[in-house]
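Scroll down for the structure; my scribbles are underneath it.
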Amino acid sequence: MKNKNVVEVNYHQTGKSTNTNELGMREMQARVYQHRNSKYILVKAPPASGKSRALMFVALDKLANQGVKKVIVAVPERSIGSSFKDTDLVKYGFYEDWKINSKYDLTTNGGSESKVKRLKEFLRADDGRILICTHATLRFAYQEIEDDSEFDNVMIAIDEFHHVSSDDSSVLGDALRNIMHNSEAHVLAMTGSYFRGDSAPILSPMDEQQFDKVAYTYYEQLDGYQYLKSFGIDYKFYQGRYTDALDEALDTSKKTIIHIPSVNSSESTKDKYDEVDRIFDAIGDVDHQDTKTGVYYIKNKDGKMLKVADLVNEDGREKIAEYLRTLNGSEDLDIIVALNMAKEGFDWPWAEQALTIGYRRSLTEIVQIIGRVTRDSSNKNHAQFTNMIEQPDANDGEVQYAVNQILKAITVSLLMEQVLAPEIHLKRRKHKDQKPTGETDILIKGLKEPSTKRVQSIIENDLPDLKAAILQDESVKKGIMANVNAEVMNKELVPKVVMTRYPDLSNDEIEQVSQYAIADTILRHAKVETTQDDKGNSNQFLRMADKFINVDQLDINLIESINPFQRAYDVMSQDIDSNTLRIIERSIDAHKYDFTDDELVQLYKNAKAFVIENGRHPSKESNNEEEVRMAYALAKIEELRVRRSQANG
C-alpha cells in the first residue's frame, strides 16, 4: 500500500551519518566533541543520532583532562538509563571505555529516598566518577543540598532536555538555573526535539546565550543513512469509530507501531481494552499467545503469521516489555499496540510505520513518535508516519473543534517538513551579478540584514522553535482556517508572534526576524526545477504556491506576497467538504468583532437596507469599514441562530 503523502522527503543514502572516524565517533558525535572544552553545551539532534555516546566522549574527556571530578547523567525515566550502560569505546579508537559502578546506577529498582541519599553520598565519595539517575532523583536531591558549591567541578548531563522548563513550576529548571549561577558546574543538555516543550522555554534567553549550541538536523541524519531512502507523513480521515476505518490506514506487511488515543480524547471509545481487541481483528485472526513472552500470534489476511505486542493492557505488560528489551532481529516482532509507551527512548530500529490515532497536542511527542521509525535498518528503505484524524461532520455542533484538531495535525506536518528538509541559508542580494558563496545559500533582493547579534542568534538558532510558536498561535490558526491573504499573515499575524516571543526586540528587529521566518518557511516548501534555454544554459526556478520564479530573481516583496501557510489550508480544504468549510469560516467571522446586542440590531437593519440599495450582501472584503462591520454582524447573527436551533433540538 503506497501512501500519497502530505509530506514526502527523499534522501541520498550517503552513509555519512553512520560512518565513524578514527576515534569511533559518528559525524554528530564528532561535532559535539569539538566543543568538549565548553562549560555549557546544548545539543539538538534527532533520535538515533547517537547523543548518548556523544555525551560519553565529552564526559570522559572532562574527567581526564579538564578537572571535572564527577559526572551526573539525568534521564526522564528509568527505562532510558540503559542507554548509558557500560560501553566499549577503546576497541573503536577512543582512549577509555565508559564504565559505571553499579552502586551508582540509580535507574534500577529501588525507593526514591534511598536513591536521593545515594546521589548526595556520590558527590562526596571517592569510589565513583559517574552516576546515572532520573530527573526526579536529581530534583529531589537538589532540594536537600544546602550549598550549590557541592556541584563545583561536577558535570551535569540532562538527557531529553525538553522535559525541563524555565517556568516557576519546574523545580529542575530552577535547580539548573541556580547551579549555573552559583557553582562551577559544567552542563551538557541534550534533546531530540526541535521544539522547546511546546510552551515555556527551557532556559531564559540570558542563560541560553551562555551555551555553545550544537545542532544536527534531521536531514543530515537521514540523508547520511545507508538504507533509509525516503520518509512520508500522511493523514487518514474517518467518521464514526476509528476502529472501523483501520483497514484504510493499516498495512500489516510493515513493521508497525500503533498508538491508540488517550481515553480523555474525543477519538477514544473510552474502552481501551475493546479498542485493542478490534485492532487485533483488523490485523487478522488471533492464533495464540505465547505464555512465556506474552507475544500474540495473529494470522493476517494474506496468511502470514504476525507477532504482535500489546502494551495497553496492564496485565502481563512487564513480561512483554522484557521481551521487547531482548529483540535481536526484524523477525522477532511485527506490530506493537501502545497507549503511552513505545515513544521516547524506545528502540525498535526495524519499525517502518507509525500509525497514530488522534491528534497529539505536543509537537515534542510527535517528534518522538516519528523518531521510532526513522532509524536506519537494512529491512526498510521507506519510513512512514500516518495520523488518523476524525473527519468533521457539518451537522455536528462540534465541527469547529474537529476542524481545529485537523488543522493542528496538518500544521505539525508542515513543521516536520521544515525540520526534515535540507538546510538553507538566506542572504541579502547586494548586486545583480552576486553569486552564492555556499551550496545552501539563497540570495534574496531586498532582504533585511540582521542589524544586531540578537537577531543573528535568533535566525541561526531559533527558527524551528519560532515556527512552532507561530503555528501554535491562535490568531495564526484562525487565519489559516479563514484563508486570510498574505499581507494579513505576513505583516500582522507573524510579527505579532515574534513580538510576543521576543519582547526585548525593537520594531526593526521584529521586522527582520519576521522576514527570515516567512522566507525560510516559503523557500523550504518551494520545489526546485531546472530548465535549459536555446543556448544550452541551465536556469533554476523555484515553484512557490502558484508562482514560478527564477532563482536569480528572488525578491523579498515577491516572497512576502505569498501566504507561507497556504498549503495547510489547501490540504484541509481537499479533505473537508465545502459546506463544512463555509461553517468554519462563518464561525471565525462571527468572532472577529465584539458586538453589543444593540449594535447587532442596528447593523442588521443597516444590512437589510444595503441589500435593497445594492442588490447584494455586504462583503467583508470591502474597503468600506461600515460594510465590513455589517458583513461580520450578519455572520454573528447567523451563528447565534444556529446555536439557538441546536439548543432547541
Side-chain angles (χ1 to χ4, degrees), residues 14-75 80-100 129-132 153-162 176 180 184-194 202-203 208-226 345 347 371 375-376 423 457 460-461:
T14 65
K16 187 179 179 183
S17 64
T18 52
N19 293 337
T20 58
N21 64 12
E22 67 280 0
L23 292 175
M25 298 177 188
R26 285 152 59 176
E27 183 181 37
M28 186 279 288
Q29 295 157 353
R31 191 177 299 179
V32 175
Y33 194 66
Q34 289 176 347
H35 295 267
R36 61 190 179 278
N37 292 315
S38 298
K39 189 175 182 182
Y40 305 127
I41 306 172
L42 174 59
V43 180
K44 286 184 178 182
S49 59
K51 292 188 293 296
S52 302
R53 194 165 291 202
L55 158 66
M56 296 175 190
F57 291 125
V58 171
L60 290 172
D61 186 85
K62 286 187 178 293
L63 288 167
N65 303 314
Q66 298 182 43
V68 168
K69 305 300 183 186
K70 303 277 184 179
V71 172
I72 297 173
V73 180
V75 297
I80 300 177
S82 61
S83 299
F84 300 94
K85 62 186 178 183
D86 288 0
T87 303
D88 292 333
L89 300 175
V90 172
K91 71 177 182 180
Y92 300 110
F94 200 60
Y95 57 78
E96 186 177 352
D97 288 329
W98 176 263
K99 296 289 186 184
I100 307 290
R129 301 188 305 162
I130 302 168
L131 177 142
I132 314 294
N153 300 317
V154 173
M155 174 182 169
I156 299 175
I158 301 181
D159 191 28
E160 307 295 1
F161 192 48
H162 49 272
L176 180 64
M180 287 177 60
E184 292 302 314
H186 294 230
V187 178
L188 190 151
M190 303 180 294
T191 176
S193 170
Y194 276 64
I202 295 167
L203 297 165
E208 187 167 329
Q209 287 178 28
Q210 297 184 58
F211 280 75
D212 277 345
K213 299 180 180 68
V214 183
Y216 192 68
T217 68
Y218 263 85
Y219 185 83
E220 288 178 294
Q221 170 76 355
L222 273 65
D223 198 58
Y225 278 163
Q226 297 179 42
D347 191 14
R375 310 260 171 150
D376 202 28
E423 196 70 20
S457 175
E460 289 179 355
N461 301 304

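What you see is a predicted model, and the numbers here were worked out from it, not measured in a lab.
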Please determine whether the number of non-hydrogen atoms from other residues, nucleotides or ligands lying under 6.0 Å from atom NZ of Lys69 exceeds 12.
no

Over all atoms of both residues, closest heavy-atom pair of Ala185 and Tyr40
O-CE2, 3.7 Å

With a 4.5 Å cut-off on side-chain heavy atoms, are Ile100 and Lys85 touching?
no

Interatomic spacing from CD in Gln66 to CG in Asn37 - rounded to 0.5 Å:
4.5 Å

Under 4.5 Å between any side-chain heavy atoms of Asp212 and Val214, yes or no?
no

Between Tyr92 and Thr20, is the side-chain contact (heavy atoms from CB on, under 4.5 Å) condition met? List the steps.
CA-CA 9 Å; Tyr92 300 110; Thr20 58; over 6 Å; no

Any Leu89 side-chain heavy atom under 4.5 Å of Phe57 side chain
yes

Distance (rounded to the nearest 0.5 Å) between Asp347 CG and Ser83 OG:
7.5 Å

Are more than 12 heavy atoms, taken from residues, nucleotides or ligands other than Tyr219, located less than 6.0 Å from that residue's OH atom?
yes

State, to 0.1 Å, how close Met180 and Val187 come at their nearest heavy-atom pair, and which atoms those are.
CG-CG2, 4.2 Å

Non-hydrogen side-chain atoms of Leu63 and Ile130 separated by less than 4.5 Å
yes

Heavy-atom pair with the smallest gap, counting every atom of Ser49 and Tyr216:
CB-CD2, 4.2 Å

Would the number of heavy atoms belonging to other residues, nucleotides or ligands and lying under 6.0 Å from CD of Glu184 be above 12?
no

Is the shortest side-chain heavy-atom distance between Phe94 and Arg53 below 4.5 Å?
no

Please examine the side chains of Thr14 and Asp223, heavy atoms only from C-beta on, and report whether any two atoms are closer than 4.5 Å.
yes

Could you give the distance from CD1 (Ile72) to CD1 (Ile158), rounded to the nearest 0.5 Å?
10.0 Å

Applying side chain to side chain contact (heavy atoms under 4.5 Å, CB included) to Ala30 and not counting sequence neighbours gives Asn21, Met25

For Thr18 and Gln226 the tightest heavy-atom approach is OG1-NE2, 3.5 Å

Sub-4.5 Å side-chain heavy-atom contact between Met28 and Lys51
yes

From CG (Asn153) to NZ (Lys62), nearest 0.5 Å:
11.0 Å

Does the side chain of Met155 come within less than 4.5 Å of Leu188's, by heavy atoms?
yes

Considering all heavy atoms, the nearest Ile132-Gly81 contact:
CG2-CA, 4.3 Å

At what distance, to the nearest 0.5 angstrom, does CD of Gln210 lie from NZ of Lys39?
8.0 Å

Restricting to salt bridge (Lys or Arg N to Asp or Glu O under 4.0 Å), what partner residues turn up for Lys16, sequence neighbours left out?
Glu27

Option among Met190, Arg31, Lys213 that satisfies the side chain to side chain contact (heavy atoms under 4.5 Å, CB included) test with Val43:
Met190

Gap between atom CG of Leu60 and atom OH of Tyr33 - 0.5 Å precision:
8.5 Å

